[in-house]
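Have a look at the structure below, then the notes.
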Amino acid sequence: MAAALSAEYGRGFSKRNLYHMLRFAEVFSDPEIAQALRAQLSWTHLREIIAFMAPSSAGFCFELCRLEGWSTRTLQEKIAGMLFERTAIAKRPEAVVQGALSALGERGRRTPDLVFRGPYVLDFRGLPASFGERELEAAIVWELDGFLLELGQGFSFAARQKRMSIGAEDCYLDLLFFHRPLRALVAVELKPGRFDARDKGQIELYLRWLDKHERQPHENPPLGLILCAGKNEERIELLQLSEGSIRVASYLTELPPHALLEKKLPEAITPARTQLGAAPRPITSGGQPST
């Protein structure tokens with residue numbers, strides 16, 4: 001077929017290009033959607049998105065690529081880092097994923113599930129092999145641009161060691177950000193060890209203080225992110241921290257090999273979707289659900 005089309009129409013119909021065209025038609029079967037996609041992103045972008053992706057992750061990457069203006073190189077880095085699989089929305093049932101992506105595409109509406117992710121990759125230079133909370137915080141502030149890129153678009157830095165006077169005591173929040181699309185303050189607490197249930201009470205106190213003293217009338221209630229070296233998923237479930245205003249995410253101080261990410265992330269996604277009532281889908285090579 002490639003030979004016949006090339007003979008009749010000229011360049012652009014190689015075997016490889018025909019494969020990409022077929023994949024595009026499979027992932028985006030609606031002609032109107034296909035035409036809209038082609039008008040907003042280059043064929044190079046679209047080819048990268050559809051090459052190995054399932055429809056959900058392809059839709060996610062397309063919407064963020066369109067809204068945030070990713071270059072082809074940035075898109076390749078996001079795919080290689082398995083951004084969709086690390087985002088909280090990936091653990092939701094398929095219907096919830098599609099609903100969130102539709103709202104994002106039609107109204108540009110973002111939810112916390114589309115903003116928060118895990119694990120975060122904090123591969124900062126100069127971070128010692130054995131570090132504490134203050135060393136990690138200092139490394140984040142020193143390389144703030146890189147940390148904001150890892151958090152995702154929409155975050156603005158507000159404060160470090162935010163002082164909160166509560167009665168006769170002063171408490172200090174590690175990092176404070178503002179997320180423009182969510183219109184909410186985001187409190188970030190850093191934990192060099194594993195997540196502890198007491199961390200939930202601490203950040204709940206901080207969020208209530210921010211809601212009372214810092215939140216503006218046009219803003220949504222503050223959100224909290226606990227960044228820790230590790231977490232127990234059952235404990236997170238029992239504390240109901242997959243919902244609501246507080247999220248818990250682990251971090252990595254270096255990006256592991258892609259093959260390891262490809263193996264570990266689906267192992268976390270499948271149980272979460274099962275608990276939320278979605279049928280688990282086996283994951284094949286390339287991170288694509290099997291049919």
Side-chain angles (χ1 to χ4, degrees), residues 80-92 112-143 146-152 155 160-161 172-177 186-207 223-276 280 283 287:
M82 300 189 75
L83 177 62
F84 173 73
E85 290 80 3
R86 291 193 291 123
T87 304
I89 194 68
K91 297 182 179 180
R92 301 298 184 186
D113 278 343
L114 285 169
V115 171
F116 294 115
R117 61 188 68 156
Y120 289 88
V121 181
L122 311 182
D123 52 348
F124 301 135
R125 292 169 297 186
L127 189 64
S130 178
F131 59 88
E133 183 177 327
R134 290 293 170 264
E135 288 87 357
L136 179 60
E137 179 188 316
I140 287 174
V141 174
W142 182 257
E143 299 200 27
F147 185 62
L148 288 172
L149 285 173
E150 179 61 14
L151 283 177
F155 281 93
R160 174 190 184 187
Q161 288 296 303
Y172 294 88
L173 170 68
D174 289 336
L175 299 167
L176 181 64
F177 296 86
V186 179
V188 178
E189 271 295 293
L190 306 171
K191 303 297 176 185
R194 292 181 63 81
F195 170 75
D196 188 284
R198 290 171 293 185
D199 299 334
K200 176 178 182 284
Q202 180 188 29
I203 202 162
E204 281 178 337
L205 177 66
Y206 293 169
L207 292 183
L223 303 169
L225 174 63
I226 301 172
L227 271 178
C228 51
K231 58 179 181 173
N232 182 310
E233 291 294 346
E234 185 176 2
R235 182 171 293 183
I236 301 297
E237 179 192 352
L238 291 172
L239 291 170
Q240 298 181 336
L241 291 177
S242 296
E243 310 285 343
S245 60
I246 299 173
R247 303 300 169 97
V248 179
S250 58
Y251 60 81
L252 304 171
T253 54
E254 62 180 17
L255 185 65
H258 183 79
L260 182 59
L261 269 180
E262 194 175 68
K263 177 178 183 293
K264 293 296 184 182
L265 290 177
E267 288 177 359
I269 291 172
T270 302
R273 284 190 164 185
T274 303
Q275 291 169 3
L276 292 168
I283 305 292

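Here the closest heavy-atom approach between residue Thr87 and residue Leu83 is recorded as OG1-O, 2.7 Å. Residues Gly193 and Cys228 come closest through the heavy atom pair O-CB, 3.5 Å. Residues Ala229 and Pro192 share a closest heavy-atom pair of CB-O, 3.1 Å. The nearest pair of heavy atoms linking Ile203 to Gly224 is CD1-CA, 3.8 Å.
With a 4.5 Å cut-off on side-chain heavy atoms, Phe177 and Phe147 count as touching. For the pair Phe116 and Val186, the minimum side-chain heavy-atom distance is below 4.5 Å.
For the side-chain hydrogen bond (donor to acceptor under 3.5 Å, both in side chains) test, no residue two or more places apart in sequence or in another chain qualifies with Arg194. With sequence neighbours left out, the side chain to side chain contact (heavy atoms under 4.5 Å, CB included) criterion links Leu239 to Phe195, Ala197, Lys200, Arg235, Leu241. For Glu150, the salt bridge (Lys or Arg N to Asp or Glu O under 4.0 Å) partners at least two apart in sequence or on another chain are Arg86. For Asn232, there are no side-chain hydrogen bond (donor to acceptor under 3.5 Å, both in side chains) partners two or more places apart in sequence or in a different chain. Remark: Glu133 engages no residue in a salt bridge (Lys or Arg N to Asp or Glu O under 4.0 Å) (not counting sequence neighbours). Residues satisfying the side chain to side chain contact (heavy atoms under 4.5 Å, CB included) test with Ala249, not counting sequence neighbours, are Tyr120, Leu225, Leu227. Scored by the ring pair (Phe, Tyr, Trp, His ring centres under 6.0 Å) test, Phe155 finds His179 as partners (sequence neighbours excluded). Checked against side-chain hydrogen bond (donor to acceptor under 3.5 Å, both in side chains), Asp199 has no partners two or more places apart in sequence or in another chain. For Ser245, the side chain to side chain contact (heavy atoms under 4.5 Å, CB included) criterion is met by Leu207, Leu223, not counting sequence neighbours.
Atom CG of residue Asp196 and atom CD of residue Gln202 lie 10.0 Å apart, to the nearest 0.5 angstrom. Interatomic distance, Leu136 CG to Leu190 CG, rounded to the nearest 0.5 Å: 5.0 Å.
Side-chain atoms of Glu189 come within 3.5 Å of backbone atoms of Asp174 as a donor-acceptor pair (strictly under, hydrogens ignored).
Just one residue in the list Leu151, Ile226, Leu175 forms a side chain to side chain contact (heavy atoms under 4.5 Å, CB included) with Val188, and that residue is Leu175.
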